[in-house]
Every structure is written in structure tokens, then in C-alpha cells.
Amino acid sequence: MFSNFLMALRAGGVPASLTEYLALLGAMKAGVADYSTEDFYYLARATLVKDERHLDRFDRVYGAIFGGIESTLEDLQQAIPEDWLRKLAEKNLTPEEMAEIQALGGWDKLMETLKKRLEEQKGRHQGGSKWIGTAGTSPFGAYGYNPEGVRIGQDGSRHRRAVKVWDKREFRDLDDKVELGTRNIKVALRKLRRFARDGAATELDINDTIRATASNAGHLDLKMVPERHNKLKVLLCLDVGGSMDDHIRTSEELFSAARSEFKHLEYFYFHNCPYEGLWRNNHRRWSEITPTFDVIRKYGPDYKLIFVGDASMSVHEISQPGGSVEHMNPEAGKVWMERLLQQYKRAAWLNPVQEQYWRHTPSIGYIQQLMENRMFPLTLEGLDRAIKDLKH
Amino acid sequence: MTKFKGTDRYIASRDLEVAVNASVTLARPLLVKGEPGTGKTVLAQEVANALGYPLIEWHVKSTTKAQQGLYEYDAVSRLRDGQLGDERVRDISNYIIRGKLWEAFTSDTPVVLLIDEIDKADIEFPNDLLLELDRMQFYVYETRETIIAKHRPIIIITSNNEKELPDAFLRRCFFHYIRFPDRETMETIVASHYPNIRHDLVREALTLFYEIRGVPGLKKKPATSELLDWLKLLMVEDLPVEVLRARDPKTLIPPLHGALLKNEQDIHLFEKLAFMARRGT
């Protein structure tokens, strides 16, 4: 019945399966959501989405698939006549603006471009990559149009009706990381595991029990030991923005694998080179900065430090105070790198740029030198080498 | 079948009602996530009340094993009894300790089973319960019997997202994410808990509360349960509303903040902000 919907969800990045689809049909049959589109939406959401990070994607697909169902009738009655809109525009626009519209290929052309632009924007959103607003260069803004007004003309009443639950997209914030089941990376990271016994004694120590029971003249004397836990601690610093945009996917894969693999994983972001501040949340990078000194103080030298970054920048950004492209840094990136490396003896730099191109970028060589040749390519093979090095 | 609706003490949004009813109708577990303090655990109690079923609670800790929910074989007592020559030792079933799932399965009436904070347990914990939750039955090796649920219990599972749950497990559940209530809903929630509270107090307190939640960098944002505690304290202390309204930069830290801010870093953050505000003025 809704198999299109299921397919669209899967294409839109919501990992729904046949089991869940059947559960949805079962619940429909049992009458959980009768004759109410809103209930159906809630039911479909509870059945098909299993992670709040996917809720936003679900809302988008739902809007695209079911957005039209209710609207067919209303569209006929409420669609704003384009002629009327055109007249309105002619009335409110100055002759110069009209001339500019003509230069763009006339009203129809403008409408078409806008439509395309809107679709493009939607499409990009669905891909899950971050939509970085380039609205400043959009011709629509420049001509002093209210884009909202144009959009009303474009898809008419849909926009007004659109204030449905799923169109509010309240879960947008949660979709900030892509979860990719990258088993390979997990398996590679697993090699880093180091087990240690600590905590409450919950496991029977057979050997010690036998020894103690024997010396207790055959009467049982139980000996317990704590369970083995993965004790490895990892401090992950990820480069974001700028030249790293091409490598977002690989870094995300690594990050999501690392998150599920290590109990003590701390992560921070930096841009190009770590300076006096790192941040936790990329959306709030300007308001919530953790001083690098605090990081060094808080996480002891038993942490292993892993940088992920392309190390591709101007050499000044590493060597000079004030060299950062983004802010005024009183101390050079080099100084901060050295401080971090002094605290964390076990460190590695993973670089998503292919190894054969490294020598073309001087800053990569510089970082490589700072890292004492512990830069590895972000590939499975490189990861293996890095882990071998971190293990000592 | 009775349907779950929010009660006068527990305000449930429509989407939560649909999710609960779906899981009750299809007898599949419902996984509830959300910020701490948004009423995940309370939900199970309310569902049990609404349907008139008893509630069995299984609180999961980091040391909890899936097997403990089914049964445990107390080999140590048996060994000790064997050494002492106790008669009970001949019957192994004397040493089988029933777990919460067993209890829920063998109950004569349908029950609501709460598996609280499933993410606290080991990463393999949910996987070990797959078959049991799917078929609602399990096998006891020691006594060679199969325990089959008389009535499929309504299972409500809560998670605080400390660990990712395996896909195979998620496939078998309905899912609901409790969003943090907006101001209007919050007013209803407060009214349902404290019907006699002064309106102006609630208004000022809520404004302050949402302001605090808006402060970036809080380690633990205060949630519904903290707000309710705080309001209760405000009522007991009978503070004049002006104290809340004052917003004096010197006392940027809200009165009786102990109920809202739960760790010293957050309190420290507020002190720092207050200090900066003082310097600024």
C-alpha cells in the first residue's frame, strides 16, 4: 500500500526495513490510526524511525510523499492565479526592477529559475550534507523581491497548508551527524582495545577459588575479581570546515565508528590547526569554546590523541602568531601542537588526503614534522599503521 | 481494548498516545528516548494505571546481564547446601531464581513491564534479549522447560542514549522521542501537578526556567522534574514574585537554584556570568 513511501524513506536515508513496514501495516489493520492523517503520521513515525537523528529526514520524506494527498482538492480552489500575482508584482516594482527581470529572461523564466533553485535546495538537503546558505548571491534577494511572495505564486496553497507537524521539522537539530555502519573501521579500531580489570568484583576467579577452598579444608571459599573492561581512552580532534568539506564523509564514518567502539572517547573540533580554543559543537563554535589548556588539564596523559585533518593550509597558519584565517591567535599553532603533543605522548594524525599528494602541500610536510612522522592516510591500511604506532 | 490517554497528572501529547497504543495493540515493545527528566519512567506507571495492569519494573545498571531478567541459577547456594547435606539440593528448581521477565511472562493478568535505562547495560545486552522479546518465551536449561508468556506483556523500554542500540533490536520496537515540552504544555503540566499554585509565580518561574535552559554550555539542562521540584520549593518558601522578577545582575543565579542546577560546573558557570554582568554594568 505504501511501498513507495518505504522506498522513499530508504532513499532519503531512514534505515527502515520490511519488518517495520509490516508492523506499520499491522497497526493500520488493527485500527491504531483511524481516519486521521495526523495519527497516521505519528504511527508511521513510531514504527519506521528508531533514532531521533532520523526524525528530521523522516519528516522531509513524509512531507514530499504525502504532502499532496490532502491538497488535490484545495489546490483547485485556492491556487493563486499567476496572472494576479504578475499584476501585483508589476504594481509594486519599479521600472528598473522590471527591466532587470526582463534581462533575466522575463517573468516566466524567473519563476522557472526560482522553482529550480528551490528544488535544488531541497535535493541538497535530502542528501544529508549541510546546506550552506549562499542566499546572498541569489538574484531573487538582490532585486528586492520578497522570496516568500514569489513562492506563494509558485506552489500556491501548499505553502500555507504546509504548517503541518511534519513540515515544522522540529527535529532538525538532532540530524547533525551521519551514522554509517562502517564495520571495517570498527574492526580496525578494535585492535586498539586494551582490557583491564577494575570496578566492583563481580566475576568468579576460578583459580583463586580452588586454591582458597583447598587451603580452607575443602569448604568453599569464593574469590571474585572485577570484570574486564576496555580501558582505552581516546581524545579525537577533528578538523572541520574549509578544505575539509571534501572529506566530511570519511571523517564522519571514522567518528561514528569510534563513538561506538570506545567508552572513553572525547572529541573536539578545530579549524585547520589547533589553537588556544577547541569546540564541541560545530553549530555553536563561536559561543562555546573550550580553552585548549582546559582540555590538556582535564584529560590526563593516558589519553591517546588522534587528529583528523587534511593539514592543507598556508604554512603561516602553523608557524606564525596571528596566522589563523579566522581569528587573531596570540600564539602560533605550532606552539599549541607542541603543547598537546607534550601532554599526549601517544598521538597520531590521520589525513584524508591521499598519501601520494602529500608532498605537494608544504603545510602537510610541516605538520608531519611536528608530529614526528606520525601522520597516516585515513584509509584502512593507514588506520592500521596508526593503531600499531599508538599501541606501544 | 482500553486505549491509553494522558491523565490529569500526566500530560501526554497525541504522538505519544499513538505510539503507546500501537505498541499495546501489536504487543511489541515501545522504546522511549528523550532528555533526562521528561517523564520517560513515569510513562510506564501511567500506562499501567490507565490500562489497570500491574507494573513490573526492571532497572538496568551497568552490571546487569540479560540473563538476570530471565532467571539465575544459584549454583553457589546449591554447592553450599550440598556440602551441608541439605535435602533441597536434589531438586535443581530450588535454586532457580526468577527474573523480571519470567515474572511478567507467567503473570495471570497482563502486565506492563518497564525496562528502565537499557543503555546503561553492556553493549550486548539488548542483543541478548532479542528472541525473548520477539517470541515472548525462553528456555531454562537447568530444568529443561520453556517459559511461554501467558499474556504478551506491554514492554516499555527507556534509554538515555548513552550507547547506541543495535539495529536488530530497534527493528522489534516502536520508538518515541519525548521532546522537551514547550511553554504552553509546560503550563498544563505544572497546573496538573500543583493546581493551587499562584499564576504569577508560574509565569515568572517559567520565564526564568526557559532562560536558564537557553544558557549555552550547561552540562545538565534542567528538565520537567527539576522544574516541578523547584516550584514546590518556591511554594514552600513562599517567596514573593518580585524576587524572581528582579533579574538583578548581582544575583543572576536564580533563587533556590539547588533544585535546578545539579552540578558545580553549572553553578560555577552562572557565577561567572553574574561576575561578567557585574563588570559590564
Side-chain angles (χ1 to χ4, degrees), chain A residues 15-20 22-24 26-33 36 38-55 165 170-171 174 179 181 199-200 202-204 209 213 218-220 222 226-227 229-230 256 259-261 263 280-281 284 286-290, chain B residues 1 3-4 13-28 30-35 61-65 75-84 122-123 134 159 161-180 182 215-218 269:
Chain A
S17 74
L18 197 59
T19 335
E20 283 139 342
L22 290 176
L24 173 64
M28 291 292 287
K29 209 171 162 195
V32 175
S36 153
E38 207 154 296
D39 281 4
F40 172 72
Y41 159 72
Y42 291 140
L43 176 67
R45 202 178 71 187
T47 331
L48 299 170
V49 185
K50 295 302 161 62
D51 193 324
E52 65 274 18
R53 280 172 298 182
H54 302 148
L55 285 174
V165 203
E170 286 166 333
F171 298 100
L174 302 166
E179 218 260 342
T202 50
E203 249 178 20
L204 187 65
T209 303
T213 306
H219 277 279
L220 196 58
L222 291 175
E227 211 175 340
H229 287 296
N230 191 1
S256 75
R259 244 174 95 102
S260 62
E261 216 42 55
K263 198 173 171 194
R280 256 288 155 91
N281 182 340
R284 294 198 164 164
W286 301 114
S287 55
E288 291 175 22
I289 287 183
T290 316
Chain B
M1 176 170 285
K3 290 218 164 180
F4 169 73
S13 55
R14 181 68 194 145
D15 47 346
L16 179 59
E17 285 173 9
V18 172
V20 170
N21 285 326
S23 113
V24 171
T25 317
L26 292 198
R28 275 164 180 255
L30 173 67
L31 172 67
V32 187
K33 282 200 212 169
E35 255 182 66
K61 297 177 192 154
S62 65
T63 49
T64 309
K65 295 270 172 293
V76 176
S77 329
R78 192 170 185 222
L79 182 55
R80 193 191 51 229
D81 284 358
Q83 288 190 327
L84 299 174
D122 187 75
I123 206 151
D134 214 21
S159 163
N161 241 355
E162 282 187 13
K163 293 196 188 81
E164 308 230 343
L165 300 171
D167 279 350
F169 177 79
L170 294 174
R171 297 245 177 280
R172 288 163 170 81
C173 305
F174 285 101
F175 170 73
H176 183 76
Y177 182 81
I178 299 191
R179 231 164 345 111
F180 195 79
D182 54 17
V215 172
L218 277 189
L269 177 75

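Chain letters run A, B, ... following the sequence lines, proteins first and then strands; every chain starts at 1.
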Side chains of B:Arg171 and A:Ser17: any donor to acceptor distance under 3.5 Å?
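Side-chain D/A pair, A:Ser17 to B:Arg171: present.
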Just verifying a value: how many Å separate [X] [atom1] and [Y] [atom2], rounded to the nearest 0.5 Å?
X: B:Phe174; Y: A:Arg45; atom1: CZ; atom2: CZ; answer: 13.5 Å
X: B:Leu79; Y: A:His219; atom1: CG; atom2: NE2; answer: 11.0 Å
X: B:Arg172; Y: A:Glu20; atom1: CZ; atom2: CD; answer: 10.0 Å
X: B:Tyr177; Y: A:Asp51; atom1: OH; atom2: CG; answer: 10.0 Å
X: B:Arg179; Y: A:Leu55; atom1: CZ; atom2: CG; answer: 9.0 Å

Just to verify, what does A:Lys29 make a side chain to side chain contact (heavy atoms under 4.5 Å, CB included) with, not counting sequence neighbours?
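Here no residue qualifies.
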Taking only residues two or more places apart in sequence or in another chain, which ones pass side chain to side chain contact (heavy atoms under 4.5 Å, CB included) with A:Leu222?
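Listed in chain order: A:Leu204, A:Thr209, A:Leu220, B:Val76.
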Considering only heavy atoms from C-beta outward, does the side chain of B:Arg14 approach that of A:Asp39 to under 4.5 Å?
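Answer yes - side chains close enough.
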For the interface with chain B, which of A:Thr47, A:Leu43, A:Leu24 has the highest count of heavy-atom pairs at distances below 4.5 Å?
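The residue among A:Thr47, A:Leu43, A:Leu24 with the greatest pair count is A:Thr47.
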Salt-bridge contact B:Lys33-A:Glu52 (side-chain N to carboxylate O under 4.0 Å):
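Looking at A:Glu52 together with B:Lys33, the answer is yes, because their closest N to O distance falls below 4.0 Å.
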So which part of B:Leu26 gets closer than 4.5 Å to some heavy atom of chain A, the side chain, the backbone, both or neither?
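For B:Leu26, the contact with chain A is made by the side chain alone.
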